[in-house]
Colleague: 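Take a look at the following structure, please.
Every heavy atom of this structure was used, including side-chain atoms; hydrogens, water molecules and symmetry mates were not. Predicted model, so just to flag it, every value in this text is computed and none were measured. We count ligands from 1, going down the list as the structure has it; atoms in each ligand are counted the same way. The chain is numbered in sequence order, starting from 1.
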Amino acid sequence: MNSVTKRGSARTASRMAGSEAPADGLRFEGVSKVFATAEGSKPFLAVHDVNLDVAAGRFVCLIGPSGSGKSTLLNMTAGLFNPTRGTVYHDGRPVVEVNTRVGYITQQDNLLPWRTLEDNVAIALEIRGYSRAQRKQLVAETIEMVGLAGFEKHYPSQLSGGMRKRATLARTLIYSPDTLLLDEPFGALDAMLKNALQTELLRLWERDRKTVLFVTHDLDEAILLADEIVVFGTNPGRIIHIETVNFERPRSLTDIRRTPEFTEVWERLWALIENNK
Ligand code: ADP
Ligand code: MG
């Protein structure tokens, strides 16, 4: 069975009779989210009945048109708000409050402009009460890991777009969350830079094999990075397809792009997304 499995309602019913949420990874069980809207208008169904298992250590991309509920799903995984119906499980336990085990990189990079790179990267350690000496060592290692050594004293405004993305990644990786939620992290970057950062992200991931939920609207990116691609449709936001991607790892992104398999998957998923806008 796939490690990412879309579970139909019939199977959900039988599983609810006894089976437990998996011990490792994420499970979305009948997850829906309704937002209240302006007084007088109807409540808005943003996410409808998402059933999905993500085994620990998998790299899963979420793709779909704008408004299909992808960010809402990440917000619920991070415990920023609860589903209206259903449950998100992390390692078998329901997520009911802020989920400190995930590292969440939202669409905006949120670096603090008045702090240097090293002080931005240190934030999570400060919150967790690490001593100055402990922070110094870890900050240096993490900045090195994302390729920003030499820029420790720079402010965000003195960093390029790509460097800011690396800084955001460092700020999250430093506290070793077991799961990463990345919401269109490379969305606004040019193609060359995007390619470089995708390669580096894969290199880091191959090393630690964290669980990754990676939202993108770039189909190339999803096929290049993912073990599984979860395709969302709109009205309401919901899963319409799950694709397993079988390119071997470690991957060479330039080689994969040239294969007939890449084109075949790309065309099929593109048609699916276009027809479900
Ligand atoms: P995506 O990330 O796939 O573009 P979102 O999860 O951001 O989609 O949003 C899904 C839908 O839910 C959108 O129509 C959006 O306007 C709506 N939505 C998201 N957050 C809220 C909120 N806090 N209040 C009301 N509506 C919201
Ligand atoms: Mg979004």
Colleague: Which donor-acceptor pairs under 3.5 Å do side chains of residues 77-87 form with protein atoms, sequence neighbours excluded?
Modeller:
unit_1, atom_1, unit_2, atom_2, d
Thr77, OG1, Leu73, O, 2.8
Thr84, OG1, Val34, N, 2.8

Colleague: About how many Å separate CZ of Arg93 and CG of Asn99, when rounded to the nearest 0.5 Å?
Modeller: 10.0 Å
Colleague: Using a strict 4.0 Å threshold on nitrogen-to-oxygen distance, state whether Asp220 and Arg257 make a salt bridge.
Modeller: yes
Colleague: Just wondering, more than 12 heavy atoms not from Glu274 lying within 6.0 Å of its CD?
Modeller: yes
Colleague: What does the 4.0 Å heavy-atom contact list look like for ligand 1?
Modeller: Phe35, Phe44, Ala46, Pro65, Ser66, Gly67, Ser68, Gly69, Lys70, Ser71, Thr72
Colleague: Is there a side-chain contact between Val102 and Pro177 in this structure, where contact means two heavy atoms from C-beta onward sitting under 4.5 Å apart?
Modeller: no
Colleague: Closer than 2.8 Å to the Mg ion (ligand 2): does that hold for any N, O or S atom in Ser66?
Modeller: no
Colleague: Do Lys70 and Asp183 pass the salt bridge (Lys or Arg N to Asp or Glu O under 4.0 Å) test, and can you show the C-alpha distance, the side-chain angles, and the key distance before you say yes or no?
Modeller: CA-CA 8 Å; Lys70 306 179 300 294; Asp183 201 349; over 6 Å; no
